[in-house]
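In what follows, a single structure is set out as structure tokens and then discussed.
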Amino acid sequence: MDNPNADKVGIVEEIKAALADSDAVLLTEYRGMSVPSIGKLRRDLGPTGATYKVYKNTLVRIAAEQAGIVGLEPLLHGPTAVAFIKGDAVEAAKALRDFAKGEPHLKIKGGVLGTQVLDAAQTAALADMPPKQQVLAELAGLFEAPLATFASLLEAPVRDIAYAIAALEEKQSAAA
């Protein structure tokens, strides 16, 4: 028979590895959700780069402490499931929020972004942010405008010389 402590150590290591590999982690309460509903949530989260797992709070707390995440304790009460996110945390937070609109039993407790622990309100604010690709596109637009103006200023003297030469040629042709 397997040693239950060894099993728990293995699960803690699994959680710790998932925490280390994740860009963000969101914690939810799933009390009252049906198994098919949890399965649908897992499928909905898949395209966002998130995996959704149920672990014992004690094991998550131990793994978080070993991973150097401080302040997760208040979120680890009641039945807790963890969404480990690889990629855009905003997309996963939106998917959880949207799923919760149709599933009243799903409650978003908070999460971890980088090393920062988020409460429920901060996680809701994360879901309201624009997606990463949109923010990057807006930043690129901000950088592009001054560069385009600078390029236009650089080419203006060359353009003016070209107009002057063309006018001089026209004048000489008219005089001849």
Exercise for review: Sort out for me which residue in Ile108, Thr123, Leu126 forms a side chain to side chain contact (heavy atoms under 4.5 Å, CB included) with Leu96.
Suggested key: Ile108
Practice item. Please report the closest heavy-atom contact between Lys94 and Ala127, naming both atoms and the distance. Key: NZ-O, 2.8 Å
**Study point:** Donor-acceptor contact below 3.5 Å, side chain Arg61 vs main chain Glu73
**Key:** no
Practice item. Run the salt-bridge test on Lys16 and Glu13 with the 4.0 Å N-O cut-off and return the result as yes or no. Key: yes
**Study point:** Nearest atoms (heavy-atom pairs only) where Glu103 meets Ser37
**Key:** OE1-OG, 2.9 Å
**Study point:** Connected via hydrophobic side-chain network under 4.5 Å: Val90 and Val25
**Key:** no
Exercise for review: Run the numbers on Ile85 and Glu91 for side-chain contact (heavy atoms from CB on, under 4.5 Å), then give the verdict.
Suggested key: CA-CA 10 Å; Ile85 304 159; Glu91 289 297 321; over 6 Å; no
Exercise for review: Kindly indicate whether the side chain of Glu14, heavy atoms from C-beta on, has any atom under 4.5 Å from the side chain of Lys53.
Suggested key: yes
Exercise for review: Work out which heavy atom in Ala89 is nearest to a heavy atom in Leu113; give both atom names and the distance.
Suggested key: CB-CD1, 3.9 Å
Check your understanding: So, the side chain of Arg43 versus the backbone of Gly39: is there a donor-acceptor pair under 3.5 Å, distance only?
Key -> yes
Check your understanding: Are the side chains of Leu72 and Leu27 in touch, meaning some heavy atoms are under 4.5 Å apart?
Key -> yes
**Study point:** Hydrophobic cluster identity match, Val112 and Tyr55, side-chain contacts under 4.5 Å
**Key:** yes
Check your understanding: Does the Gln122 side chain pair with the main chain of Asp119, one donor and one acceptor, at a distance under 3.5 Å?
Key -> yes
**Study point:** Backbone of Thr48 reached by a side-chain donor or acceptor of Asp88 within 3.5 Å
**Key:** no
Review point. Is there a donor-acceptor contact under 3.5 Å from the side chain of Lys109 to the main chain of Thr28?
Key: no
Point to revise | Val54-Phe99 co-clustered via ILVMFWY side chain contacts under 4.5 Å | key: yes
Study note, to complete from the structure: Leu41 and Met33 have their tightest heavy-atom pair at CD2-CE, 4.3 Å
Point to revise | Pairwise distance CZ(Phe84) to CG(Asp21) - rounded to 0.5 angstrom | key: 10.0 Å
Study note, to complete from the structure: Interatomic distance, CG@Leu75 vs OG1@Thr80, rounded to 0.5 Å, equals 8.0 Å
**Study point:** Considering all heavy atoms, the nearest Ala83-Leu45 contact
**Key:** CB-CD1, 4.4 Å
Review point. Asp23 side chain to Gly87 main-chain N or O, any donor-acceptor pair under 3.5 Å?
Key: yes
Review point. What distance do Ile62 atom CD1 and Ile11 atom CD1 have between them, rounded to the nearest 0.5 Å?
Key: 11.0 Å
Practice item. Determine whether Val117 and Val70 make a side-chain contact, defined as any pair of heavy atoms from C-beta on separated by less than 4.5 Å. Key: no
Review point. Are Val60 and Val9 grouped together when hydrophobic residues (ILVMFWY) are joined by side-chain heavy atoms under 4.5 angstrom apart?
Key: no
Review point. If you measure from CZ on Arg97 to CG on Asp128, what distance do you get to the nearest 0.5 Å?
Key: 5.0 Å
**Study point:** Closest non-hydrogen atom pair between Ala63 and Ile15, with its separation
**Key:** CB-CG2, 3.5 Å
